[in-house]
Protein chains: 2
Amino acid sequence: MKQRINIVELARHLGLAVSTVSKAINDRGDVSDATKRRVLEAAEKFGFSPDPAGRRLRTQTSETIGFVLSPPQTHFAHPFFLDLLMGIDQNLSQTPFQLIIVAGRTLETELDSFRRLVERQRVDGVMFGRTRRDDPRIRYLQERNVPFVALGRSETGKPFPFVDIDRTVAGRNGTARFIGFGHRRIGLLSTPGYLMISHLLQEGYRAALKAAKLPFDADLVVETGTSEEEGLNGARRLLALSDPPTAIMCGHDLIATGAMQAIAETGRRPGVDIPVIGCDNHPLGPYLNPPLTTFSAPTFEAGRRMVDLLLALMDGRSAKELQEIWSPELILRSSHGSQLVAAGEI
Amino acid sequence: MKQRINIVELARHLGLAVSTVSKAINDRGDVSDATKRRVLEAAEKFGFSPDPAGRRLRTQTSETIGFVLSPPQTHFAHPFFLDLLMGIDQNLSQTPFQLIIVAGRTLETELDSFRRLVERQRVDGVMFGRTRRDDPRIRYLQERNVPFVALGRSETGKPFPFVDIDRTVAGRNGTARFIGFGHRRIGLLSTPGYLMISHLLQEGYRAALKAAKLPFDADLVVETGTSEEEGLNGARRLLALSDPPTAIMCGHDLIATGAMQAIAETGRRPGVDIPVIGCDNHPLGPYLNPPLTTFSAPTFEAGRRMVDLLLALMDGRSAKELQEIWSPELILRSSHGSQLVAAGEI
DNA sequence: GTTATTTACGAAATCGTTTTCGGAGATTTC
DNA sequence: GAAATCTCCGAAAACGATTTCGTAAATAAC
């Protein structure tokens, strides 16, 4: 390991006091431009940069923000969160903060990950996603008074900062689109019920039905996990109904993938006989059969923005002004019933 | 923020010296079992755990290992690396180390990410993937003498620890399979040439040709990026040849996805008229049209193992004994020419 | 019963930084 | 020209842990 120089040796080399050098490096006041320049040059020359350990000890900050990947694992075998991480990192790398990530193992032990993060690692801030209607993570963080920002809103606790890609509009617009095509019985394959996005999706779904004066039929909505297999099973249940849906709105592209599989199993053509719409714009959507119509999810940008919000929060801004709801946009491919589209819809 | 207790206050409460408390907490010798138990109980009661900043300052370690995501971004909109991270984290969470991740922006600035990691953050170890035949990252880390483990081997520098999911066997076995089906002209759609996996894939490809006494035709191998679009374009070039391949081996499932698209464009049926095999077992492979035959890539396990190797290296073990080459296994679906399989192959 | 050895604990130094406070010199004000 | 105000820099005190080394008591050896 190459020999490192510390701030006192650097100061000695310069014939200055350590305090002066420190102030120069951190661009605090009380040091002339001339010496500041001199210090910076010397630091560059000797390859000096302050040891984080020393600085953190003194300033009582960890310069660290933690991101916890939600369980279960299969949910994250998904480009979504990697994009999010990329966005977070890109923004964070412009700051002194570093990003540490931990993975919650199961729903039960997930809180332990949070505890380790704040009580042992002492992170300065926390980020996470997949908010739930009733979310113990939020309660914990608010109780400990640690700054955090979530991907998704929640019904839990006091106001907190979030970026929310609004599932309500996906549910409403997707369903409305099917209704516009003449469908009367529309299936909803939702993500797990405890998730906030599931609740919002169903709200949008109901709103669209109501606007069209269509009845709500509880048989038509089934909650599944966020995977292809679970989407497959959910769709099978839907299709086995005595009066099955003629179109299916899905809470996630992976679910939609399974759903199209289930439709094909019955000998019908997904996207033609039974149209399907997903959510979150999975990169392989265009390569499915048929190409999947879906709603956008600008996760990279969401990651960037979450960092902005967290920084603002730590800067003293109030949580209420740091809440953003983004509307996803419909991405038309062909699984939603392209023959109608071809007939003049676009 | 809840009031924290530090080690001197804890010691005062116990009527012990700080040194004794410290030794008890870290289970170093020189403290009786009785007082050790007493200290541990008190620590639990007061919710004390040592401040990482203080400990790191004193011990001159960062207790941090860094993972750098390779550029370009599109390569990572891929479950592969998320699984790897999950594996790494699962193993690392059993140790005092924390995982910090950074994303290399471009190939040019990637080294800066490494430099920031070791020279500023002062991580104790580094991990990364997508090794290259000539890899400046390896040179840098070896020169600085920082412990690291890579996903993939390389031709660069002195021996270092790695886990390598052997692309040679994918190239060889995939190609041999096609040859066994009677194909004489087999296309190879490889990942970018600078990557080690590309080199190994081609080696395997050539080996299979040689074993079957088939000629090598440079026109039949084209290197593309690791994305669907690039796979699409690469396959178009292959299919536009005057004497085009009758089967295509791909260095990646995303490439294979694009290739099947390209085949369909020409009016032929991918997997039937022109069989295709990919690599890395993308979770959506089974849902492509046709379902994609591919090679396994146990990335979660690889992540776990990489942590073992890194820890062993930091523990003084020699790099040479910390190199593992894993053979991927063929996962038969139907894109490799299922009609032949149905005819008795399985 | 004396001496040698072990065992258990404590005092103090140390890691590298930031920050407070004070003061000398330069500059402005009246 | 004296007083007041700025500018710039330095000495020293934290921050919270670990580790070395010394020493008293307890045990073992003879």
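The sequence lines fix the lettering, A, B, ..., with proteins before strands; numbering per chain opens at 1.
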Exercise. Is Ser19(A) side chain donor-acceptor paired with the dA11(D) base, going by distance under 3.5 Å alone?
Worked result: yes

Exercise. Which atoms form the tightest heavy-atom contact between Pro147(A) and Met314(A), and what is the distance?
Worked result: CB-CG, 3.8 Å

Exercise. Leu14(A) CG to dG10(D) P: how many Å, rounded?
Worked result: 10 Å

Exercise. Nearest-Å distance, CG (Asp27(B)) to P (dT18(D))?
Worked result: 12 Å

Problem set entry | Arg132(A) side chain near Met196(A) side chain, heavy-atom distance below 4.5 Å | no

Exercise. Are any of Thr20(A)'s side-chain N or O atoms less than 4.0 Å away from OP1 or OP2 of dC9(D)?
Worked result: no

For this session: Give the rounded distance in Å between these two atoms: CD of Gln121(A) and C1' of dG16(D).
Result: 16 Å

Problem set entry | Cationic N near anionic O, under 4.0 Å, Glu143(B) to Arg137(B) | no

Exercise. To the nearest 10 degrees, how far apart in direction are the end axes of the helix from dG1(C)-dC30(D) to dC30(C)-dG1(D), each fit to five base pairs?
Worked result: 30°

Exercise. Does a salt bridge link Arg144(A) with Glu119(A), judged by any charged N lying under 4.0 Å from a carboxylate O?
Worked result: yes

Exercise. Arg28(A) near the nucleic acid: base, sugar-phosphate alone, or nothing, with a heavy-atom cut-off under 4.0 Å?
Worked result: sugar-phosphate

Problem set entry | Outermost nucleotides of DNA chain C that come under 4.0 Å of a non-hydrogen atom of chain B | dA8(C) to dG16(C)

For this session: Calculate the interatomic distance between Leu57(B) atom CG and dT18(D) atom P; express it in whole Å.
Result: 11 Å

Problem set entry | Candidates dT19(D), dC15(D), dA17(D) - which lies nearest the side chain of Gln60(A) | dC15(D)

For this session: Nearest whole angstrom, please: distance from the P of dT20(D) to the CG of Asp30(B).
Result: 11 Å

Exercise. At under 4.0 Å between heavy atoms, what does Ser32(A) touch on the DNA or RNA strands: base, sugar-phosphate, or nothing?
Worked result: sugar-phosphate

Exercise. Are the side chain of Arg56(A) and the backbone of Ser62(A) linked by a donor-acceptor contact shorter than 3.5 Å?
Worked result: yes

Exercise. CG of Leu10(B) versus P of dG16(D): gap in Å, rounded?
Worked result: 14 Å

Exercise. What is the minimum heavy-atom distance between Phe160(B) and Gly152(B), and which atoms define it?
Worked result: CE1-O, 3.9 Å

Exercise. Hey, are the side chains of Val149(A) and Phe128(A) touching, using non-hydrogen atoms and a 4.5 Å cut-off?
Worked result: no

Seminar exercise, completed: Shortest non-hydrogen pair, Ala17(A) vs Ala11(A), comes out as C-CB, 3.9 Å

Exercise. Does Asn26(B) place a side-chain N or O at less than 4.0 Å from the phosphate oxygens OP1/OP2 of dT18(D)?
Worked result: yes

Exercise. Are Glu321(B) and Arg317(B) close enough for a salt bridge, meaning some N to O gap below 4.0 Å?
Worked result: yes

Exercise. Using a cut-off of 4.0 Å on non-hydrogen atoms, how would the nucleic acid contact of Asn6(A) be classed: base, sugar-phosphate, or nothing?
Worked result: sugar-phosphate

Exercise. Rounded to whole angstroms, how far apart are NZ on Lys36(A) and P on dT7(D)?
Worked result: 13 Å

Problem set entry | Atom CZ of Arg115(B): over 12 foreign heavy atoms under 6.0 Å | yes

Problem set entry | Lys23(A) NZ - dA11(D) C1' separation (whole Å) | 11 Å

